[in-house]
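Written below as C-alpha cells is the structure these notes are about.
Keep in mind that this is a model prediction, so the values were computed, not measured. Letters go in sequence order (proteins before strands), and every chain restarts at 1.
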Number of protein chains: 2
Amino acid sequence: MDYIVIMREVDLRRIDLNLLVALEALLDEKNVTRAAHRLGMSQPAASRALGRLRALFSDALLVDGPGGYVLSSRAEEVRPVLSWILAGVGEMLEANAFDPATATGRIRLLTPDLQAASLAPYLLARLAHEAPLLDLDIDAPGSHGLDLLERGDADAMVALIDEAPAGIRRRRLYDEELVTLMRADHPALAGEFTLERFLALEHIVVSVTGVGPAPVDEVLARMGRTRRVKLRVPNFFAAVEIAARSDLIMTLPSSLARAAANMRRLVSLPPPFDLKSFTMSLAWHARQQDAPRHIWLRRVIVAAAMDMSSVADVGS
Amino acid sequence: MDYIVIMREVDLRRIDLNLLVALEALLDEKNVTRAAHRLGMSQPAASRALGRLRALFSDALLVDGPGGYVLSSRAEEVRPVLSWILAGVGEMLEANAFDPATATGRIRLLTPDLQAASLAPYLLARLAHEAPLLDLDIDAPGSHGLDLLERGDADAMVALIDEAPAGIRRRRLYDEELVTLMRADHPALAGEFTLERFLALEHIVVSVTGVGPAPVDEVLARMGRTRRVKLRVPNFFAAVEIAARSDLIMTLPSSLARAAANMRRLVSLPPPFDLKSFTMSLAWHARQQDAPRHIWLRRVIVAAAMDMSSVADVGS
DNA sequence: ATAATCCATGCATTGGACGCATGGAAAGCC
DNA sequence: GGCTTTCCATGCGTCCAATGCATGGATTAT
C-alpha cells in the first residue's frame, strides 16, 4: 500500500497560531486587500500571511477563479472548523464574568455559631437583594476550617485567625467584643466580678451545631484556664430564659448580647479577662483570589459585616 | 445592579494565540521550569509567558500552595476548554491526509463513451486494488464538461481539451488514434479510401449514453464536414456484428478497434483525414490541486492510462 | 547556618513581521 | 490594439517584542 500517508502529530509549539485569525478573514473576504483592511494591517502583510498559511496547510487555500479568488477544497473543509475553534477561544477568554443577579449555586461559608448568628441576618439580607438565586450554607469550622478552605470544601471563612498558612488569604473584617450576661439580681453583682468568680460560676453555651470551641473557651485556653459549662443549648432564646431564672451566666458577642439586654431581665458586664475583644477575619484560598464570583462574595461579606457594625454604632 | 459586568467582545486580532500552547504546558506541569523545558524555551521566557497569560486572563492562573503552584479556580475552568481547542487545532492541521485503502465515497469522472470503454477496465482494476471502498461514476461530459468541473459536479475529466479556461488545470494523458473498421470484403477496399468515399458511406456510432459528439464528429466538424450516421447503437458487439454483415463502417479508438480486429471478420484502416490521432487530457479544477484525495486520483488515472498504453505497445 | 530549587526581572541581542515601494498579471473600457 | 484600474506578490529597510543570560529574592530541606 504505497499510498498510505503516515499520520504525523502536529507540534503546536512550532506553529504560529496567530495566523488562524488572518485565515478566517482571508477565507471570509476571498480578497487579500479587503482581508488586510479587516485585520488592520497592510496588503503586503496580509499577502505574506497567506503565503505562510499556504505553507502551513500545504494547500493553496485561495485559488484563481472567475471574478477573483475562490476557496480550495481544503479551505472549504477547514473553514467551519476554524470558525468553531476561534469562537471557542473567544468564549474561553470572555468567561471571566459573574452576574450575581442571575447566578445560581451554593455559597459555603465557615464561621463559629455565635458569629454566624450575628452576621447571618445581614448577609442573608444582602444575598436576597443582590443574588436571589444563590443559596447560603453556613457551617461551623471547628478546628479544620483552614483544611476545608485548602481542599476547596468551603468558599470562605469568618473566624478568629491568628496565622494564615501558605495559600490562604486574609482580610480583617470586624472587632468582636464579648460581654457576660446574668440575671438582674444575680449574687455575683454584689461584689467585684473577678476571673475567679467568673470561673466559679456555671456557664451556658449557645451552640447551634455543637461543633467546636466557642471563642470564650479559646481565649481561656490561651490563659491556661477552663470554665464550667453547665449547659449547652442550641437555642439562644432558651438560653436567655434559663439565665433569667437561674445563677447560670453566659458570655456572648456584644452584637448578640445587645438583643438579650433589651429584654431588661439580664445585666451585661465585661468579662473579667484581658482579651475582651478580638478581630474576626475573612479568609479564603488564594486560588479564588481573582475569580469574579469570589471577589463579589468577599465584597458582600465585608458589606454585611459593616451593616452589622453600623447598626451596633447607632445603638451606642 | 452595580455588579453586572458588561460583556465585551474579545478582539482576537490583538491577542497572542501562541500563548495558549504555553498555557497548556504551564497548567499541566504546575511548575514554570518544567513547563519551559517541555516548551523548548528558557525558564525566564516561560515565566514571562505566564505573566502575559495572567494579564490576558486577568487571573493568577497559578498560585502558591503547599509544594509549589496550584491551579486557580479560573485555571481549573479553563483547562479542559483549552485542551479541547488545541486538540481541534491539531486535528485541523492534520486533516490534510488521505488513505485510499480506507477511503469511502464516490469518484465522478467525465469522459466520452468510447474512451470510457477503453480506459475504464484499467481504471477499475487499479481502484479495486488500491481503494476498494471507493465507487466510480463515469458520465459523458457532452458540451458541458468544463462547466461541471467548475461547479464541482465532477472530480475530473478525460477528454480532448483544446483550451483550459481560468481555474481549470490540465495534463496530457495519452494520444488517441482512430481507425476505421469495415467487413473484410467491403467494396470500399477495392480502391483508394478517400475522405469523399469515407463520407459517402454510412456509419455506425457506438454510444452507451447517447450523449455528446464522438471525437470523430468533432474532428470532422473542425473541417467543416459531416458524416452520415446511419445507426447509433449502445452495444459494441452488436456494432461489430452489423458491420460484418453490411456496408456500414465504424471509426473507433485504436485501443477498442484492436479487440474487434481480433475477430478476423473486419479490416481496419486509418481514417482518411489529417488528424488521425489526438491527445486525451486529464482536466480538473484548481480548487482541488493540492487536495491529497485528488492528487491520488490523478495519479491513479495517469497510471491506468499508462496501463492501457503499455498493453497496446505489447500487441504491436 | 548552608544548599538546592523555584520564580521573577534587568539587560542586551536579534530574528521575523511589518510597511513602503514596486511591478507583473488580469480584467475592463475605449 | 492601448490605457486604466484592481489585485497580488515580492524586494528592501526598519524596528520591536520575544528571547536567553545573568542575577537575586523567596521558600524549603538538611
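With rounding to whole Å, A:Leu26 atom CG is found 10 Å from D:dA9 atom P. Following rounding to the nearest Å, A:Gln43 (CD) and C:dG19 (P) show an atom-to-atom distance of 11 Å. Rounded to an integer number of Å, the gap from CG of A:Leu39 to P of C:dA17 is 15 Å. B:Asp16 places its CG atom 17 Å from the P atom of D:dC16, with the value rounded to the nearest Å. One can place CZ of A:Arg14 at 13 Å from C1' of D:dT19, the figure rounded to the nearest angstrom. If you take CG of B:Asn18 and C1' of C:dA17, they are 13 Å apart, rounded to a whole angstrom. Remark: P of D:dT10 and CG of A:Leu50 are 10 Å apart, rounded to the nearest angstrom.
Closest to the side chain of B:Arg52, out of C:dC7, C:dG19, D:dT19, is D:dT19. Listed nucleotides D:dC8, C:dA8, C:dC18 differ in distance to A:Ala45; the shortest reach to its side chain belongs to C:dC18. Candidate nucleotides D:dT10, C:dC11, D:dC7 were compared by shortest atom distance to the side chain of B:Arg48, and C:dC11 ranks first.
When the C1' atoms of four end pairs are superposed on the next four at each end of the helix from C:dA1-D:dT30 to C:dC30-D:dG1, using five pairs per end, the two resulting axes differ in direction by 30°, to 10°.
At a threshold of 4.0 angstrom between heavy atoms, the contacts of A:Asp64 with the nucleic acid are absent. Residue contacts for B:Arg54: at a heavy-atom cut-off of 4.0 Å it reaches the sugar-phosphate backbone alone, with no base atom in range. Note on A:Thr33: only backbone sugar-phosphate atoms sit closer than 4.0 angstrom, heavy atoms only; bases stay farther off.
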Residue pair B:Leu134, B:Trp296: steps toward the side chain to side chain contact (heavy atoms under 4.5 Å, CB included) verdict: CA-CA 12 Å; B:Leu134 277 180; B:Trp296 170 83; 3.5 Å; yes

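Between A:Trp84 and B:Trp84, the ring planes lie perpendicular to each other; the angle is over 60°, past the 30° to 60° tilted range.
Judged by distance alone, the side chain of A:Arg54 and the main-chain N or O of A:Ala60 form a donor-acceptor pair under 3.5 Å. Remark: the backbone N or O of A:Ala75 is not paired with any side-chain donor or acceptor of B:Arg287 at under 3.5 angstrom.
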